[in-house]
Student: 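Here it is, the structure, as structure tokens.
Throughout, numbering of the chain's residues begins at 1 and tracks the sequence.
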Amino acid sequence: MRDGKPNTGKTPAKAASAERPAAARRAPAGVRRADAARMPGSSVHASLANEIGLRIVRGDYPPGTILPNEAKWSETFNVSRSAVREAIKMLMAKSLLASRPKIGSWVEPKERWNLLDRDVLAWYATSPDREVFLKTVQEFRHIIEPEATAFAAMRRTDEQMAEISRACREMGEATTLQERTRADTRFHLAILRASGNDLLVPLGVLIESAFDHLFAYTTRELDDLQHAQKLHEAIERNIRLQRPDAARNAVRKLLANTDGVIKSR
């Protein structure tokens with residue numbers, strides 16, 4: 001899914017005894033220590049996994065890098081070693097890291113990362129490659145959404161149609177960009193569910209995670225929002241009237257509009 005790798009200019013460490021990257025010795029500018037960045041209700045190890053995962057995705061630790069050991073992480077972030085172990089396990093579950101006794105943990109090749117994981121997507125969306133990430137998401141939408149919408153027009157139930165229509169209506173009634181984005185996300189997720197293909201539903205994680213960042217990036221003006229609303233209403237109408245070809249074309253027009261907004265920024 002990703003086209004292009006962060007150009008960090010760093011050489012991966014070759015052994016656990018190699019010098020730690022600067023990011024491990026001190027928090028980069030603008031990044032707080034993991035214990036200081038904890039959200040209410042968030043566990044220490046989850047906060048730590050978030051901090052390390054973000055550093056990996058943005059290129060502080062390129063693929064192949066041997067990460068600091070438990071003792072060094074514990075010292076850097078002022079957390080227990082058990083919290084470090086749990087954080088590393090979380091990152092291994094996302095396929096960002098691998099570990100071996102007497103070697104430690106290292107960053108896996110990017111093609112092994114679970115890019116459909118909600119956290120990994122969020123880290124990508126705030127990385128220096130944010131614009132590339134959003135364009136990649138758009139390409140993915142071009143591949144998936146037109147056909148999914150055509151299937152939805154053929155297969156949707158009355159209940160699913162009501163969900164799609166309600167989300168479209170709430171988009172038009174929204175008074176803030178945040179409300180509109182949430183309704184927009186519900187609209188597209190409802191279409192994926194109405195497509196009747198179970199394999200498409202998990203892809204909703206990608207759309208849901210990316211939309212907030214996509215809209216924050218484009219920050220559309222009122223005229224843009226009104227035009228986008230009409231495009232969404234055309235999609236809703238053609239699904240409701242069960243016109244798969246017209247629904248497919250309506251989605252392509254919407255995606256082309258979003259492409260233009262991204263390019264203009």
Side-chain angles (χ1 to χ4, degrees), residues 1-6 57-58 115-116 118 120-153 163-195 200 203-240 243-265:
M1 286 176 52
R2 298 281 294 138
D3 51 349
K5 302 180 180 179
V57 171
R58 75 184 179 197
L115 298 183
L116 291 181
R118 194 180 302 273
V120 179
L121 284 169
W123 298 331
Y124 256 121
T126 57
S127 72
D129 278 350
R130 180 187 184 190
E131 185 174 350
V132 175
F133 165 78
L134 294 176
K135 289 180 179 179
T136 301
V137 169
Q138 273 299 102
E139 289 179 359
F140 186 79
R141 294 182 66 197
H142 275 282
I143 295 169
I144 297 298
E145 290 193 57
E147 294 307 316
T149 304
F151 279 124
E163 184 180 8
I164 294 170
S165 298
R166 181 168 54 254
C168 187
R169 182 178 65 256
E170 290 175 355
M171 285 177 61
E173 297 172 349
T175 57
T176 67
L177 186 61
Q178 184 180 43
E179 288 179 359
R180 180 182 173 81
T181 299
R182 289 174 178 172
D184 199 343
T185 300
R186 290 196 300 273
F187 178 80
H188 291 277
L189 293 180
I191 291 175
L192 287 183
R193 287 191 291 270
S195 71
L200 290 178
L203 299 181
V205 173
L206 174 63
I207 292 175
E208 185 175 8
S209 298
F211 263 37
D212 282 342
H213 302 287
L214 182 63
F215 278 88
Y217 180 77
T218 57
T219 315
R220 293 170 169 172
E221 302 295 334
L222 179 60
D223 289 344
D224 294 325
L225 290 174
Q226 291 176 338
H227 179 57
Q229 179 65 25
K230 292 179 180 179
L231 294 174
H232 282 82
E233 290 172 356
I235 295 170
E236 186 274 342
R237 180 172 58 254
N238 285 301
I239 294 176
R240 176 163 38 85
R243 299 171 176 170
D245 290 337
R248 182 189 294 112
N249 290 332
V251 172
R252 287 174 176 160
K253 289 180 181 178
L254 173 65
L255 293 174
N257 179 67
T258 305
D259 290 341
V261 174
I262 291 176
K263 291 177 182 178
S264 67
R265 293 300 183 266

Student: Could I get the full list of side chain to side chain donor-acceptor pair (under 3.5 Å) partners for Thr175, not counting sequence neighbours?
Tutor: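 Only Glu179 meet the side chain to side chain donor-acceptor pair (under 3.5 Å) criterion with Thr175.
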
Student: Kindly write out the residues that satisfy side chain to side chain donor-acceptor pair (under 3.5 Å) with Arg252, not counting sequence neighbours, or none if the list is empty.
Tutor: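 Here no residue qualifies.
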
Student: What pair of heavy atoms forms the shortest contact from Leu192 to Ile144, and how long is it?
Tutor: CD2-CG2, 4.3 Å

Student: Which atom names give the shortest non-hydrogen contact between Ser195 and Ala148, and what distance separates them?
Tutor: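 In this case the closest contact between Ser195 and Ala148 is CB-O, 3.5 Å.
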
Student: So, taking the atom named OG1 in Thr149 and the one named CG in Leu255, what distance separates them when rounded to the nearest 0.5 Å?
Tutor: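 CG of Leu255 is found 8.5 Å from OG1 of Thr149.
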
Student: Parallel, tilted or perpendicular: which one describes the rings of His232 and His188, with boundaries at 30° and 60°?
Tutor: perpendicular

Student: Quick check for you: to the nearest 0.5 Å, what is the distance between Thr258 atom OG1 and Leu231 atom CG?
Tutor: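 If I round to the nearest 0.5 Å, the distance is 8.0 Å.
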
Student: Who passes side chain to side chain donor-acceptor pair (under 3.5 Å) against Arg193, sequence neighbours left out?
Tutor: Glu163

Student: List in chain and number order the residues that pass side chain to side chain contact (heavy atoms under 4.5 Å, CB included) with Ala250, two or more places apart in sequence or in another chain; answer none if no residue qualifies.
Tutor: Ala234, Ile235, Asn238

Student: Once rounded to the nearest 0.5 Å, what's the spacing between atom CD1 of Ile164 and atom CZ of Arg169?
Tutor: 13.0 Å

Student: Taking the side chain as every heavy atom from C-beta outward, state whether Glu145 and Ile191 have any atom pair closer than 4.5 Å.
Tutor: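 Not in contact.
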
Student: Is the shortest side-chain heavy-atom distance between Asp245 and Arg248 below 4.5 Å?
Tutor: yes

Student: Can you tell me if CZ on Arg243 sees more than 12 non-hydrogen neighbours from other groups inside 6.0 Å?
Tutor: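 Counting other residues, nucleotides and ligands, CZ of Arg243 stays at 12 neighbours or fewer.
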
Student: Go through the structure and list residues passing side chain to side chain donor-acceptor pair (under 3.5 Å) with Gln229, not counting sequence neighbours.
Tutor: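 Once residues adjacent in sequence are excluded, the partners of Gln229 under the side chain to side chain donor-acceptor pair (under 3.5 Å) criterion are Arg180, Glu233.
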
Student: Go through Leu203 and Phe140 one step at a time and tell me if the side-chain contact (heavy atoms from CB on, under 4.5 Å) criterion holds.
Tutor: CA-CA 10 Å; Leu203 299 181; Phe140 186 79; 3.8 Å; yes

Student: Once rounded to the nearest 0.5 Å, what's the spacing between atom CD1 of Ile239 and atom CZ of Phe151?
Tutor: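 Rounded to the nearest 0.5 Å, the CD1-CZ separation comes out at 13.0 Å.
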
Student: Can you measure from CD (Glu139) to CG (Leu134) and round to the nearest 0.5 angstrom?
Tutor: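 Taking CD in Glu139 and CG in Leu134, the distance rounds to 11.5 Å.
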
Student: Kindly write out the residues that satisfy side chain to side chain contact (heavy atoms under 4.5 Å, CB included) with Glu170, not counting sequence neighbours, or none if the list is empty.
Tutor: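 Checked Glu170 against side chain to side chain contact (heavy atoms under 4.5 Å, CB included); matches are Arg166, Ala183, Arg186.
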
Student: Find the distance between NE2 (His227) and CG (Leu254) and round it off to the nearest 0.5 Å.
Tutor: 8.5 Å

